[in-house]
Novice: 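Dropping the structure in here first, questions after.
In what follows, chains are A, B, ... by sequence order, proteins preceding strands, each numbered from 1. Source: prediction; values computed, not measured.
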Amino acid sequence: MRFKASIQNISTFTKFTASLNSLGPLAWVKLSKDQVCFTIIPEQGTQVWAVLSIDTIFDSYTIQSAAQNVINLEVPLTSLHRALKSALQASSASIRLTKKDNVPLLALTIVTTSTSISNSGTTSSSTTTTATTTAPHGGALSTSGADNNHNHDDGFGFDGGTSSSSFECAFGRERETVVTQEVPVRVLSPETVAGLHEPRCREPDVHILLPPLLQLKGISDRFTKLALVGAKSGTGAGGLGGTAVAAAAAASSSSSMPRTRLEMAANMHGCLRLSIRTDAMSISSVWTGLSNPELDPAQVTGGEEGIRDHPSTKMKELGSADGRSEEGWATVRIDGRDWGKVMSVGRLGGRVIACFCHEHALILYVYLPNDNGLDESVLTYYVSSYSA
Amino acid sequence: MADLDTEERPLFSAVSSSARQLYLLLRCISFADKAQVQISEEGLRFSVEESSVMEGLAFLDKSLFTSYQYNAPPQLPHSPSSQDSTASDTSTPESPIFQISLPSLLETLQIFGLTEPSSSRPPWSRDAPSTAFSTQLLGMNNLCRLSYASPGSSLSVILTESTITTTCALTTYEPAFTTDIPFARHELALKIIMRASWLHDAISELASTSPSRLTLLARMQRGHPFFALSASGPLGSARVEFNTAASTTASTNSGADLATDASSLLETFQLADPGARVSNTYKFALVQKAARAMAVATKVSVRGDAQGVLSLQFMIEIEPGKVNFVDFRFVPFVAEDGDGNDMEDEEEDD
């Protein structure tokens, strides 16, 4: 079983693991010849199924295994993210699967080039760190000789030992600091993962291109906060014996309900609506002028025929582009805090298409920006709707 | 905008081009969950009270709005809640009065600005393409419309920002209190005008010992105005003096040290009876609730009436040349015998 690659885009990989980490601590990582899959299945909340093309994050990628060259790993995301964060300033980084004391681990080798005196002390992490400093570009002969004979990859076979040597004589020159972060993982057998399937869902009623996620997150976080404020002042009103003049808002929410339940709705005329109701208020934000992508007949079962019978085609006949009509909305109810975590994927800056299955589920497809425009990387989020 | 014209004329509707200004003023009185709103010809009056001994009042003058329409209700065949008690504080007894959740309103007003693209990123990496004629530059992104359709309906706030419209319906509640804390404006015992930041400095200085009571003392001392705030609590007591006399004893106020012109420390100092000594005690925690107003205001007028009720009126400059006022009123502790006598002796010494 062999896996080795250099990390091409450290910042994307870091942001990616951070977004996944907000939803769950463990990821099932499936490495295969042409793609890398990250899957988070938390006990409750949103599932993520991410498929990345190799070149989104890796370069010079080699993989080998007895099971059709597929490796399944269980990776602790917090450790991986922390290790990657220490690599943000690196000039290059590589990752490989290795074993130490019979514990499989992902070893992240980070090379930082600097001209400063010393920065080998800047890494700190819960994962094991092995650091070596070399001065390969003509450091003083007496000290660099030994290190120059080292191949970098072999240089970290030291068992748990930390050899961090400082080269005071190399000041002012370009120096390389090499840090290895080790993330212990678990290797999963093909049988273990055979039972894991991507959720299936009926054809969506509405699909829409979301506004920039950071903007959406700003508003939905504010709504979540409002719900908490509303809950607090709502109980206060009861104590003071305040009577609601307009009882409409108060009537619909009972005290047993979680207060951070957002209602999200969209129609086939470019409108998205986010709303929340508390005892003290009801508030909704409506975006207009968004786009509803056309369905590709090649992707829909039944081709042209399938599109004609597609639920979204029927939804197109209802509602209006100004968002004022009460018809034609596909609605889901989601937990505000969970939604905030989902929205954190906005930092990757991809296009997001949301598919609404009325009162059932919300599926988000996050397309990561890609240079070559071919094998796109997609993160799929499955958010299920609460019942009314 | 056209849509509302087709509807029945609402009791009240107003448009502001800056939700931020409204937010800044209302935030000063956000010390309780519920605020009472009274709509009149001149503006919106938000009042907040605490245990009937403290009251905060923010008046949103109609000049804050780009358009302000109040259609006084016709003489109603009266609603069960008789509002005759409001007649004392307003010329139009029929003006609608109700309560809303103040934190909810403040959070709503803050939704503005959230959706503006962050300018830290270069234009090519933003998700939405920006144009030279962005609504942000044109100042169009800040429209805030308030309306109240009819007695009993909810107060609606509509915020419009480029392609996003946020509609908020605030539940209205029956007013819980109808009378203000009485303040005899014409029987002032004391009137001091000073920089609000100095009052803020003094209160935050005194707050460090977490006192329970705040005593305000004003008198003429050897022909000079003398004003002191002293706080006492279980951990001891502390005093800040605004002493315009040449020999400053214990001024902990840095501003006071810098003020070379003594008269500028207290812009106005008036006592009803120049020979009298005005001293009243208030609950420290309540006065401290006005700290946010102290921090943003330019000037404060400290007034005490014959009964000892304290009025703090803050002048807040929301934009150059445009001032607004936020008021607070505090009911004093009942004076006890011997209260403050020790202090008197101490002063006679210096």
Novice: Which residues satisfy the side chain to side chain donor-acceptor pair (under 3.5 Å) test with B:Y282, sequence neighbours excluded?
Specialist: none
Novice: Taking atom NZ as the centre, does B:K289 end up with more than 12 heavy-atom neighbours from other residues, nucleotides or ligands that are less than 6.0 angstrom away?
Specialist: yes
Novice: Who are the ring pair (Phe, Tyr, Trp, His ring centres under 6.0 Å) partners of A:F223, not counting sequence neighbours?
Specialist: none
Novice: How far does NZ of A:K225 sit from CD of B:Q110, to the nearest 0.5 angstrom?
Specialist: 6.0 Å
Novice: If I take atom OG from residue A:S282 and atom CG from residue B:L170, how far apart are they, to the nearest 0.5 angstrom?
Specialist: 8.5 Å
Novice: Could you walk me through whether A:L226 and B:S104 pass side-chain contact (heavy atoms from CB on, under 4.5 Å), step by step?
Specialist: CA-CA 6 Å; A:L226 266 172; B:S104 298; 4.2 Å; yes
Novice: Sub-3.5 Å donor-acceptor pair from the side chain of B:T171 to the main-chain atoms of A:A280, do we have one?
Specialist: yes
Novice: For A:Q215 and B:I164: C-alpha separation, side-chain torsions, deciding distance, then whether side-chain contact (heavy atoms from CB on, under 4.5 Å) applies.
Specialist: CA-CA 11 Å; A:Q215 184 190 80; B:I164 312 165; 3.6 Å; yes
Novice: Tell me, out of A:D221, A:L274, A:T288, who's got the most heavy-atom pairs with chain B below 4.5 Å.
Specialist: A:T288
Novice: Tell me which one of B:V157, B:T167, B:I111 satisfies side chain to side chain contact (heavy atoms under 4.5 Å, CB included) with A:I283.
Specialist: B:I111
